[in-house]
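Below you'll find the structure, written out as structure tokens, and then a few comments.
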2 protein chains.
Amino acid sequence: MTNADGAAPGGPIDVFARRPKRADARRNYEKLLAAAREAYAEAGVSASLEDIARRAGVGIGTLYRHFPTRQDLFESVYVDEVEALCRAADELAGLPPWAALAGWLRRFVSYAATKRAIAEALNHDSPVFATCRKAIGDAGQPLLRRAQDSGDARPDASFDDVLRLVGGVTMYPFADPAQLERVLTMALDGIRVRPAG
Amino acid sequence: MTNADGAAPGGPIDVFARRPKRADARRNYEKLLAAAREAYAEAGVSASLEDIARRAGVGIGTLYRHFPTRQDLFESVYVDEVEALCRAADELAGLPPWAALAGWLRRFVSYAATKRAIAEALNHDSPVFATCRKAIGDAGQPLLRRAQDSGDARPDASFDDVLRLVGGVTMYPFADPAQLERVLTMALDGIRVRPAG
DNA sequence: TTGCAAACGGAGGCAACCCTCCGTATGGTG
DNA sequence: CACCATACGGAGGGTTGCCTCCGTTTGCAA
């Protein structure tokens, strides 16, 4: 699923074709991505670009060369996250239907929890976001369908419904992990078909 | 529960003692609150103060006289919302346990939906927020307890758990009201005790 | 080693926002 | 009506962030 040459059609989301080739450029590119991830987690989408460059230890000019617009930087970070999420779906595919769905949704939560900022920007429409949403759907939908076919998940829930419910849960950080667990359980119970007896 | 003189102990949250007395001042005060509500809904907590003054049709100086800090303005708007929410709990008290709880939670959602900004700030600690959180608890807790006593709501859920679950649902606006309804139903189902057969 | 395309850093001009200060206007009371 | 405490508006100084531009540095291929 990961192929050596970064440009294979149908491979990872195509934004990656952009990754620079020269050694120093590439190094800075990665540093910027990491710094941005950090800054978004702390300050939300409105994190200052100059702060990001500072964190990365590069000049502001370098940031702009790699990511001409704020949106470009944001999208690149986002794409990374989405890829990880999609990979998780593959890994869970072997489990029984409900376990696979629940496991993936938990993963979804932990991804959304650290990256509040990501959710904030999901509205903005851009081809990249559209692609990513589709990628998430392709990864998660089969899990939901399977859980519905096996009678575990309620048949009237759409994939989007489920993401909204589960994604909302961790909109704000939980001080107590046990509470996250309780709330998440309630959410999953809301998705599950009620047992007959 | 609402008393004519604004300063009675145990009456509405005491921030309101601050409301100005002169007619023009009072008018501007209200215009600023309304403008801020609007701005927060559109731009989140980081809405520009100058924009708020502009919307209200008053000078920036006037804004600062009434609300010396950003926090002051924010809190005043917030307190208004919380009061409405508390009033709703009283009004619903006559219904059967589950209906009362579910009704209040729906109200809670609609309050949170328009005011994304409010949720954003729930973390910040300040005496006013603490008071408001307590007021919300005082209003809603009894509804939950009653629904738990009657066997409708799951006994292992804390009030805070419930608010998190339901509040998260509408973190992002729903284009389709029917979807909001579906998702909300799932959330409420997660809170409800599963019927025995 | 050498040469140059590619990449780097950050100064600087511009815009938005924050908040203070003060001269002007006005509601309400005597 | 006249007075003044109260309230008003917005100019202006300071800060921060955005983004462009260009002189300097560096990877790498020949």
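Every chain is numbered from 1, with letters handed out A, B, ... down the list of sequences.
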Side-chain atoms of residues 134-141 of chain B: list all donor-acceptor pairs with protein atoms under 3.5 Å, sequence neighbours left out, distances to 0.1 Å.
{"residue": "B:Lys134", "atom": "NZ", "partner": "B:Asp138", "partner atom": "OD2", "Å": "2.8"}

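- Of the two residues contacting DNA chain C, namely B:Asp24 and B:Ala47, the nearest-nucleotide position lying further toward the 5' end is that of B:Ala47.
- Straight-line distance from the OH atom of B:Tyr64 to the P atom of D:dA11: 16 Å, rounded to whole Å.
- Distance from the side chain of B:Ala23 is smallest to C:dG28 among D:dA7, C:dG28, C:dA7.
- Rounded to whole Å, atom P of D:dC8 lies 13 Å from atom NZ of B:Lys21.
- Atom CZ in B:Arg27 sits roughly 13 Å away from atom C1' in C:dA25 (whole-Å rounding).
- For the pair B:Asn28 and D:dA7, the criterion of a side-chain N or O lying under 4.0 Å from OP1 or OP2 is not met.
- At a threshold of 4.0 Å, the pair B:Glu42-B:Arg37 does not count as salt-bridged, since none of the basic side-chain nitrogens sits closer than that to a carboxylate oxygen.
- In this structure, A:Ala39 and A:Ile52 approach most closely via the heavy-atom pair CB-CG1, 3.7 Å.
- Between A:Arg192 and B:Asp189, no side-chain nitrogen of the basic residue sits less than 4.0 Å from a carboxylate oxygen of the acidic one, so the salt-bridge criterion is not met.
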For nucleotides 10-15 of chain C, tabulate all protein N/O to nucleotide N/O atom pairs closer than 3.5 Å, reporting atom names and distance.
{"residue": "C:dG10", "atom": "N7", "partner": "A:Gly61", "partner atom": "N", "Å": "3.3"}
{"residue": "C:dG10", "atom": "O6", "partner": "A:Gly61", "partner atom": "N", "Å": "3.4"}

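- Looking at A:Arg54 and A:Asp51, a side-chain N of the basic residue comes within less than 4.0 Å of a carboxylate O on the acidic one, giving a salt bridge.
- Checking D:dC8, C:dC17, C:dC18 against every side-chain atom of B:Arg54, the shortest atom distance belongs to C:dC17.
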Pairs under 3.5 Å (N/O, protein and nucleotides 1-6 of chain C):
{"residue": "C:dA6", "atom": "N3", "partner": "A:Arg22", "partner atom": "NH1", "Å": "3.0"}

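- Looking at residues two or more places apart in sequence or on another chain, you find a side-chain contact (heavy atoms from CB on, under 4.5 Å) between B:Ala99 and B:Leu95, B:Pro96.
- Phosphate proximity of C:dC18 to B:Ser48: present, with a side-chain N or O under 4.0 Å from OP1 or OP2.
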Side chains of residues 158-169 of chain A: which donor-acceptor pairs under 3.5 Å do they make with residues two or more places apart or in other chains?
{"residue": "A:Ser158", "atom": "OG", "partner": "A:Asp160", "partner atom": "N", "Å": "3.4"}
{"residue": "A:Ser158", "atom": "OG", "partner": "A:Asp161", "partner atom": "N", "Å": "3.0"}
{"residue": "A:Ser158", "atom": "OG", "partner": "A:Asp161", "partner atom": "OD1", "Å": "3.1"}
{"residue": "A:Ser158", "atom": "OG", "partner": "A:Asp161", "partner atom": "OD2", "Å": "3.3"}
{"residue": "A:Asp160", "atom": "OD2", "partner": "B:Gln179", "partner atom": "NE2", "Å": "2.8"}
{"residue": "A:Asp161", "atom": "OD1", "partner": "B:Gln179", "partner atom": "NE2", "Å": "2.9"}
{"residue": "A:Asp161", "atom": "OD1", "partner": "B:Arg182", "partner atom": "NH2", "Å": "3.0"}
{"residue": "A:Asp161", "atom": "OD2", "partner": "A:Ser158", "partner atom": "N", "Å": "3.2"}
{"residue": "A:Asp161", "atom": "OD2", "partner": "B:Arg182", "partner atom": "NE", "Å": "2.5"}
{"residue": "A:Asp161", "atom": "OD2", "partner": "B:Arg182", "partner atom": "NH2", "Å": "3.3"}
{"residue": "A:Arg164", "atom": "NH1", "partner": "B:Tyr172", "partner atom": "O", "Å": "2.9"}
{"residue": "A:Arg164", "atom": "NH1", "partner": "B:Pro173", "partner atom": "O", "Å": "3.4"}
{"residue": "A:Arg164", "atom": "NH2", "partner": "B:Pro173", "partner atom": "O", "Å": "3.4"}

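- A:Arg146 pairs by the side-chain contact (heavy atoms from CB on, under 4.5 Å) definition with A:Pro97, A:Ala100, not counting sequence neighbours.
- Listed pair B:His66 / D:dC8 meets the phosphate criterion, a side-chain N or O lying under 4.0 Å from OP1 or OP2.
- The OH atom of B:Tyr29 sits 18 Å away from the P atom of D:dT6 (whole-angstrom rounding).
- Around the CZ atom of A:Arg107, the shell of radius 6.0 Å holds no more than 12 heavy atoms that belong to other residues, nucleotides or ligands.
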